[in-house]
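Hydrogens, waters and symmetry mates are skipped; everything else that's a heavy atom, side chains included, is used. Computed from a predicted model, the values in this text were never measured in an experiment.
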Amino acid sequence: MTTRMKRIRQSDIREHNLQNVYEYVLHNSNVSRAKLAKALDLSKPSSSSLVDELLSIGALFEDGEKEEDGCVGRNPVLIKADFRSFFCIVLFWKASSIEASVVSMCQEWTEEKRVIYSSPFSVSLPADYGKRSIEIIRTLKRELEKNHYYMGTSIMLSGIVDIHRKGILSYPLNIDELTGKKIVADIVDSGENAIAIFNDNVILGFSAMNHFQLQQRNFLYIHFLTGIGAAYFMKGQVFGDAGGKLTQFGHCIVCPNGKQCRCGAFGCLEAEIGEIALRGEIRKYYESIENFPLGEGKYLEWLIRRKEGDFTFFSELKKEYIRDLAFAICNASTMVFPDLILLGGYFYLWGEEFLGELEEEIQRTGFSYIMQDLHLQYCKERKEEIQVACADYLFSRYYRFTSRKIEGIHLG
């Protein structure tokens, strides 16, 4: 029996080489054409041709600064990453609103400098997220394309982005399966191009990976906001795709026959320790507590302030929280074997003591051979980092140097 090998196209090879050259220049300072050729094991003519092509599309630039290597003769001009004339639109879907940002694609700039614009836009109904997003995209494009080149739009949301069913499911945004399919259809039918929709935990994990330089690590990023989500990264690559379908960490069962979750199951981690569950537990003891907006960590802040006034209530609730979270982490870790757990969102409000207690419970509960190497760490996300990561993930996943653009509508 013979197997037919997949034919490798010349355009794929060139795309791969162009990506490698761009990535090397981006992550290495003081690069000349000669150094680039040597580092990537390319011939000087091939290296020079790739650099010229990247210069022509605005991916690289030569600013006149010369390499000082002490050699006799003319010193070569240094090459730097560019794309400063290009921008991406980033839309973060939240409850009843869309946070819209414009991000420069010059990846050598700081996050603060790269975020050119940021503003919220209201959304009347869950079914309107698609059409409202298209309106925002067109408005921003009209204004910015006068002086910049549009690369694409990256949309981030809490929920499942399902490429197979061509839809979205999001409990925090009240988007059911039927509504999610309508939203995707509105975007596809709009005639707009270069749009991708991503699960928020993947983008947040990608942001953390870049911030902590974790490209060579296996880590699990866990996010606490209104719900509980996660994404797993292996040596710089997300497990599965960016739709969140394979890492529904918040919906693993930690308490059989426990509280009913919005997903329909009983005893989900999200139903037991998510923000809505935390609010419910607090209200059992303090009926007069004021209503805080969800998604801002206010209920957890309130609970921690009660530590001194009612230590018994605080410690019992914290103990249950740690038990359920440790159980979920142990189960996930036996499947993906991470060496690092990053706790993002509002987890950090628990304080450093919480990490030690959680680690003790993990060691007590889990498979000791795996858990002995597990390390826990908080991750405090900054708004600009998330906006930039959303644009950069779109670029890294879907931009093609050979065609000089992002094409199509992508889910995950």
Side-chain angles (χ1 to χ4, degrees), residues 15-40 42 47-69 75-90 101-118 140 144-145 147-154 156 194 196 203-216 233 236-237 381-402 404-406:
E15 176 67 31
H16 176 74
N17 288 336
L18 288 166
Q19 288 180 358
N20 281 349
V21 169
Y22 176 78
E23 288 292 324
Y24 186 83
V25 173
L26 178 63
H27 297 296
N28 294 274
S29 58
N30 299 322
V31 179
S32 64
R33 293 182 186 233
K35 279 188 175 180
L36 186 63
K38 183 177 181 181
L40 298 180
L42 297 167
S47 174
S48 189
S49 172
L50 293 166
V51 168
D52 286 339
E53 185 169 345
L54 291 170
L55 288 170
S56 72
I57 66 177
L60 303 178
F61 78 105
E62 295 175 311
D63 66 352
E65 184 180 349
K66 295 187 177 182
E67 180 182 29
E68 296 182 6
D69 56 9
N75 288 341
V77 175
L78 298 179
I79 308 164
K80 297 182 179 179
D82 197 5
F83 274 127
R84 69 188 62 196
S85 297
F86 293 77
F87 71 92
C88 275
I89 294 170
V90 171
S101 308
V102 176
V103 177
S104 166
M105 294 312 295
C106 185
Q107 296 182 49
E108 287 198 331
W109 289 351
T110 63
E111 286 90 354
E112 289 80 6
K113 187 175 180 181
R114 288 185 61 186
V115 179
I116 302 169
Y117 167 90
S118 185
L140 294 177
L144 288 157
E145 282 187 320
N147 301 307
H148 298 82
Y149 299 104
Y150 171 66
M151 189 174 281
T153 294
S154 188
M156 178 171 67
I203 299 302
L204 292 164
F206 180 75
S207 175
M209 180 183 72
N210 291 334
H211 179 81
F212 293 112
Q213 296 294 301
L214 300 174
Q215 285 80 2
Q216 299 304 313
F233 287 78
Q237 300 297 320
E381 300 88 355
R382 293 188 300 112
K383 182 179 178 180
E384 293 84 2
E385 284 181 338
I386 298 170
Q387 294 164 327
V388 165
C390 203
D392 286 350
Y393 191 85
L394 173 73
F395 172 80
S396 67
R397 190 170 177 88
Y398 292 116
Y399 183 82
R400 294 293 174 264
F401 288 94
T402 46
R404 305 187 180 190
K405 59 184 176 181
I406 296 169

*asked:* With salt bridge (Lys or Arg N to Asp or Glu O under 4.0 Å) as the rule and sequence neighbours excluded, what pairs involving residues 101-113 come up?
replied: Glu111-Arg382, Glu112-Arg382

*Mind jotting down which residue pairs meet the salt bridge (Lys or Arg N to Asp or Glu O under 4.0 Å) criterion with at least one end in residues 48-57? Sequence neighbours excluded, please.*
Arg14-Glu53, Arg33-Asp52

*Yes or no on side chain to side chain contact (heavy atoms under 4.5 Å, CB included) for Ile386 and Met156, after CA distance, side-chain angles and deciding distance?*
CA-CA 10 Å; Ile386 298 170; Met156 178 171 67; 3.4 Å; yes

Could you give the distance from [atom1] ([X]) to [atom2] ([Y]), rounded to the nearest 0.5 Å?
X: Leu42; Y: Leu36; atom1: CG; atom2: CG; result: 7.0 Å
X: Met151; Y: Arg404; atom1: CE; atom2: CZ; result: 12.0 Å
X: Ile116; Y: Leu144; atom1: CD1; atom2: CG; result: 6.5 Å
X: Thr402; Y: Glu15; atom1: OG1; atom2: CD; result: 4.0 Å
X: His27; Y: Glu23; atom1: NE2; atom2: CD; result: 4.5 Å
X: Leu50; Y: Leu55; atom1: CG; atom2: CG; result: 11.0 Å

Quick one: are [X] and [Y] in side-chain contact, heavy atoms under 4.5 Å?
X: Cys88; Y: Ser154; value: no
X: Asn28; Y: Lys35; value: no
X: Tyr24; Y: Leu40; value: yes

I need the minimum non-hydrogen distance between [X] and [Y], along with the two atoms involved.
X: Gly152; Y: Leu394; result: C-CD2, 3.8 Å
X: Ala208; Y: Leu214; result: O-CD1, 4.2 Å
X: Ile79; Y: Val25; result: O-CG1, 3.6 Å
X: Ala81; Y: Leu26; result: CB-CD1, 3.8 Å

Sequence neighbours excluded, which residues qualify as ring-ring contact (aromatic ring centres under 6.0 Å, His included) partners of [X]?
X: Phe87; result: Tyr150
X: Phe212; result: none
X: Tyr22; result: Phe83, Phe395, Phe401

_Verdict with supporting geometry, Gln215 and Gln213, side chain to side chain contact (heavy atoms under 4.5 Å, CB included)_ = CA-CA 6 Å; Gln215 285 80 2; Gln213 296 294 301; 3.9 Å; yes

_Derivation of the side chain to side chain contact (heavy atoms under 4.5 Å, CB included) call for Lys80 and Val31_ = CA-CA 7 Å; Lys80 297 182 179 179; Val31 179; over 6 Å; no

*Mind checking what makes side chain to side chain contact (heavy atoms under 4.5 Å, CB included) contact with Ser396, not counting sequence neighbours?*
Phe206, Tyr393

_Suppose we screen for side chain to side chain contact (heavy atoms under 4.5 Å, CB included). Which residues come up paired with Tyr149, at least two apart in sequence or across chains?_
Ser85, Phe86

List the residues meeting side chain to side chain donor-acceptor pair (under 3.5 Å) with [X], not counting sequence neighbours, and say none if there are none.
X: Asn20; value: His16
X: Ser47; value: none
X: Glu145; value: none
X: Ser101; value: Ser118, Gln387

*Looking at Arg84, Met105, Glu384, which one forms a side chain to side chain contact (heavy atoms under 4.5 Å, CB included) with Arg114?*
Met105

*Contacts of Lys38 that satisfy salt bridge (Lys or Arg N to Asp or Glu O under 4.0 Å) - sequence neighbours left out*: none

